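Here's the structure we're looking at; comments come further down.
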Number of protein chains: 2
Amino acid sequence: MTDTGKSSQQLIKEANMNLVFRLIHKNGAISRADIKKITSLSATTVSSLVEELIGEGFVEECGIKKTKSSGRKAVMLKVKADGGFFAGLDVKKNIIRADLYGLDFTLEKSIERSLSDGESLAMGIMQAIGTLSRNKKIIGVTIGLPGVIDPGTNSLISSTVLAADDVKDIYSILKEAMPDVDVYIKNNSGLIALAEKEFGNHGRADNLISVDINDGVGAGILVDGKIYEGSGMGGEFGHMSVDFGGRKCKCGSYGCLELYASVPEILSLTETSSLGELAEKLSFGQKKKEVLQVTRALAFGINNIVNLLDPEIIVIGGSVITLGEHFLDAIKESFREIALIKDKKIVYSDIKENPVTLGGVRFSFDRMFGF
Amino acid sequence: MTDTGKSSQQLIKEANMNLVFRLIHKNGAISRADIKKITSLSATTVSSLVEELIGEGFVEECGIKKTKSSGRKAVMLKVKADGGFFAGLDVKKNIIRADLYGLDFTLEKSIERSLSDGESLAMGIMQAIGTLSRNKKIIGVTIGLPGVIDPGTNSLISSTVLAADDVKDIYSILKEAMPDVDVYIKNNSGLIALAEKEFGNHGRADNLISVDINDGVGAGILVDGKIYEGSGMGGEFGHMSVDFGGRKCKCGSYGCLELYASVPEILSLTETSSLGELAEKLSFGQKKKEVLQVTRALAFGINNIVNLLDPEIIVIGGSVITLGEHFLDAIKESFREIALIKDKKIVYSDIKENPVTLGGVRFSFDRMFGF
DNA sequence: TTCAATTTGTACAGTCATTGGACAAATCGG
DNA sequence: CCGATTTGTCCAATGACTGTACAAATTGAA
């Protein structure tokens with residue numbers, strides 16, 4: 001059943017422990033008796049697992065439940081916010097964003113810094129984590145970056161933005177510095193999708209596509225609540241072709257979505273110099289025809305995804321959100337015209353934090369507490 | 001950990017039992033000692049699980065291992081081919097194909113029949129299963145059909161080919177007739193993909209796309225070795241648009257793949273009356289230009305899938321296979337021209353049996369013996 | 001032929017996470 | 001103040017697994 005050295009019984013215990021912890025985490029405040037009812041574990045087991053969780057500092061009691069029912073009052077349990085911290089990093093070409101989150105997913109600390117002259121990416125990352133971890137017990141680090149990462153070795157295989165050599169040994173350097181902390185290096189798009197599922201204000205969807213529109217156009221794919229990776233190079237939504245007779249793209253294909261819907265192309269097609277300017281014009285009813293080219297292409301791309309994967313929801317994020325509801329409505333309208341599944345949910349992301357670091361933190365959490 | 005009434009210990013036992021059985025199944029002939037080494041279960045546990053499997057009639061001893069090593073000779077174990085039978089059905093508009101497979105996946109019996117006048121689909125299916133099951137202990141039935149099925153209730157939600165009313169209660173009728181047999185109703189595309197993974201002669205890929213080209217163009221998607229279903233309506237590869245300025249499709253969109261690459265369109269674009277005729281012409285170097293329209297469109301579609309999902313392999317099946325290697329080569333050539341990931345494996349299906357029933361049987365198997 | 005060495009498979013006792021029942025603790029309402 | 005009710009812990013029993021001991025079977029060398 002297992003290749004780890006653990007015996008099956010230990011695995012069961014671990015699974016039940018995770019189950020209980022996740023339940024406490026999800027519910028905010030919950031009693032042992034409630035846990036027993038929900039999990040259908042025995043009262044004894046719940047008690048002993050909770051005792052252990054308290055011993056590890058992950059859970060604490062937080063007062064007495066107030067109800068008007070008869071009987072002994074229940075002692076409530078909650079996650080101990082400072083029982084451990086997760087660091088999430090969003091690495092771009094020259095900028096490192098690093099966020100520290102508590103066990104209850106409250107943002108504790110944020111750093112954003114660019115690389116100083118001659119500083120390597122690995123050093124910059126180490127530095128950032130060092131700053132975050134001052135006086136805090138970090139139990140997980142996930143680094144999101146644009147590129148293909150081998151999930152087995154955590155090493156970068158390729159990236160259009162980052163130099164592979166810079167990144168290649170980040171994992172080993174980090175691991176050496178903090179041998180007992182779980183470190184993950186992941187593609188940023190997948191982390192965004194995970195963040196959308198967990199922290200977006202649109203019902204929790206286990207099959208979800210997040211579309212990220214900035215300088216490029218990417219997609220994160222969630223299957224059964226988990227980040228889909230395929231052979232590692234998926235999510236290149238920007239190079240989905242919707243017009244095989246169209247312009248040649250730098251990827252070698254023709255009529256790729258990126259030629260219509262990336263931010264630079266949007267600005268160029270609409271002859272505006274910033275998204276802010278375009279947003280204003282849209283609100284005055286201007287540039288409708290030009291924007292239609294963009295939204296129609298996007299609608300075709302999204303429809304292609306929907307026909308292929310039929311996710312529960314499509315979440316659009318990235319800087320295009322500044323274009324406002326007019327833009328989203330235009331996408332939806334084009335979509336409805338051509339779609340087979342017309343009522344598919346298409347929404348803007350409503351996450352205020354950095355979705356890459358937030359998704360990264362959630363990823364660490366899931367790895368640590370079982371999913 | 002579980003919502004079933006079973007205790008965790010029972011779940012462990014079941015998991016280990018499945019592990020052992022699948023190992024025996026996969027290896028053909030294997031000794032208890034080998035199982036111990038591979039699974040790292042204790043010798044005692046292996047012995048007791050095997051004993052139980054033999055008791056249930058799923059496994060039998062099959063002689064002594066011949067080796068020249070010293071020590072006591074190992075008793076070999078194999079799956080008892082007639083320990084139980086799986087029925088797989090491929091339901092089309094008016095034709096029911098039903099195959100019976102032994103526990104070791106040897107084809108035991110095949111039926112193909114059309115519905116007689118006034119006979120309902122459910123009755124036809126019942127009849128077919130009845131014929132198959134004569135003197136045979138059926139332990140699983142999976143019915144593959146074109147349409148959207150709710151995996152929870154096993155009822156048809158919609159189908160472009162079958163009448164929903166005909167199908168709606170197949171599951172309950174079957175269940176009533178054979179209450180202790182597992183019955184599944186699944187979309188046919190997914191079953192094809194599963195069959196490709198398990199029975200195709202191209203390394204076992206856990207992330208695989210099967211493209212089925214017949215009157216329509218469909219896709220089956222395998223993620224982590226399991227059939228991907230999304231909200232249920234995925235796999236509509238035929239309605240992926242690759243040319244948003246193209247012809248209007250009956251689905252409401254424009255330039256869908258089905259308008260280029262479905263068999264009727266292929267024949268029309270190449271002005272031939274059958275795939276056989278076209279195959280012959282291709283082998284004489286004729287119709288190259290006309291076929292290029294088809295293969296180029298397909299290449300764009302496949303490239304879109306690859307960029308989005310990056311599966312390990314794309315397997316093309318359906319009646320287009322009769323067009324032979326010329327056709328496949330043309331697809332690959334167009335693909336290489338435009339692809340970002342140029343070395344992606346694209347192959348024809350080499351499954352000789354009916355992939356829908358075969359995939360269905362494998363599906364039953366996986367459900368029964370844990371995956 | 002006989003015996004040491006080796007490998008296979010079973011028997012038995014011990015381990016450990018879980019469970020159910022008994023029970024103490026705590027609270028409400030009459 | 002006491003019965004009813006709910007919460008949470010203690011304890012013995014269950015059951016699946018493991019390790020050790022051991023019997024069975026086979027090879028090869030003395």
Side-chain angles (χ1 to χ4, degrees), chain A residues 1-21 23-24 29-55 59-77 370, chain B residues 1-21 23-24 29-55 59-77 370:
Chain A
M1 182 181 187
T2 170
D3 297 321
T4 77
K6 292 177 183 171
S7 83
S8 312
Q9 281 187 339
Q10 279 173 304
L11 285 177
I12 284 209
K13 183 173 178 181
E14 201 176 301
N16 283 337
M17 193 94 118
N18 289 338
L19 178 69
V20 168
F21 180 74
L23 199 55
I24 295 172
I30 191 173
S31 71
R32 291 172 178 81
D34 291 334
I35 295 174
K36 169 189 144 83
K37 274 173 216 147
I38 296 173
T39 63
S40 66
L41 291 168
S42 72
T44 313
T45 304
V46 172
S47 265
S48 92
L49 293 177
V50 165
E51 192 187 353
E52 204 160 324
L53 284 168
I54 292 176
V59 166
E60 59 188 353
E61 300 189 334
C62 61
I64 302 298
K65 193 185 208 170
K66 1 185 205 303
T67 50
K68 47 181 183 182
S69 74
S70 76
R72 171 175 165 183
K73 292 271 183 271
V75 177
M76 302 308 278
L77 301 162
Chain B
M1 179 177 191
T2 170
D3 298 319
T4 77
K6 291 177 184 171
S7 83
S8 312
Q9 280 189 340
Q10 280 174 303
L11 285 177
I12 284 208
K13 182 171 179 183
E14 201 177 302
N16 284 336
M17 193 94 120
N18 289 338
L19 179 68
V20 169
F21 180 74
L23 201 54
I24 296 172
I30 190 173
S31 70
R32 291 173 178 79
D34 291 334
I35 295 174
K36 169 190 146 82
K37 274 172 216 147
I38 297 173
T39 63
S40 66
L41 290 167
S42 74
T44 312
T45 304
V46 172
S47 265
S48 92
L49 292 177
V50 166
E51 192 188 352
E52 203 161 326
L53 284 168
I54 292 177
V59 166
E60 60 188 351
E61 301 190 333
C62 60
I64 301 300
K65 193 187 208 170
K66 3 186 202 304
T67 52
K68 45 182 183 179
S69 74
S70 78
R72 172 174 165 185
K73 293 270 181 271
V75 177
M76 302 309 278
L77 302 163

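Given the structure is predicted, the values throughout are model-derived calculations rather than measurements. In the text below, chain A, chain B and the rest are named by the order of the sequence lines, each starting its count at 1.
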- line: Per atom distances to the T45(B) side chain, the nearest of dT7(D), dA17(C), dT18(D) is dT18(D)
task: Using atom CD of E51(A) as one end and atom P of dA17(C) as the other, report the distance to the nearest whole Å.
output: 13 Å
message: Looking at S42(B), I'd like to know whether one of its side-chain N or O atoms comes within less than 4.0 Å of OP1 or OP2 on dT18(D).
response: yes
- request: State whether N16(B) places a side-chain N or O below 4.0 Å from either non-bridging phosphate oxygen (OP1 or OP2) of dA16(D).
  value: no
- prompt: With the threshold set at 4.0 Å, does a side-chain nitrogen-carboxylate oxygen contact exist between R32(B) and E51(B)?
  reply: no
- request: Between dT27(C), dG9(C), dA17(C), spot the one nearest the side chain of I12(A), thanks.
  value: dA17(C)
query: Does the base of dT7(D) carry an N or O that pairs as donor and acceptor with the side chain of R72(A) under 3.5 Å?
result: yes
message: Tell me the interatomic distance from Q9(B), atom CD, to dA13(D), atom P, rounded to whole angstroms.
response: 16 Å
query: What is the nucleic acid contact for V75(A), judged by heavy atoms within less than 4.0 Å: base, sugar-phosphate only, or nothing?
result: sugar-phosphate
message: When you compare the side chain of T45(A) with that of T39(A), does any pair of heavy atoms fall below 4.5 Å?
response: no
- prompt: Taking the side chain as C-beta and beyond, is there a heavy-atom pair between I54(B) and E60(B) under 4.5 Å?
  reply: no
query: Any idea which of dT27(D), dC28(C), dT7(D) is nearest the K37(A) side chain?
result: dT7(D)
field: Spacing between R32(A) atom CZ and dT7(D) atom P, to the nearest angstrom
entry: 12 Å
query: Taking only side-chain nitrogens and oxygens of K65(A), does any of them come within less than 4.0 Å of OP1 or OP2 of dT7(D)?
result: no
field: Atom pair distance, as rounded to whole Å: CD in Q10(A) and C1' in dC16(C)
entry: 9 Å
query: What integer distance in Å separates I64(B):CD1 from dG9(C):P?
result: 8 Å
Spacing between L11(A) atom CG and dT18(C) atom P, to the nearest angstrom: 11 Å
message: Check this for me, if you would: do E52(A) and K13(A) make a salt bridge, where the nitrogen-to-carboxylate-oxygen distance has to be below 4.0 angstrom?
response: yes
task: Specify the separation, in whole Å, of atom NZ of K73(B) and atom P of dA23(D).
output: 22 Å
- prompt: Mapping A74(A) and T44(A) onto DNA chain D by nearest heavy atom, which one lands closer to the 5' end?
  reply: A74(A)
- prompt: What is the minimum heavy-atom distance between S42(B) and K36(B), and which atoms define it?
  reply: C-CG, 4.5 Å
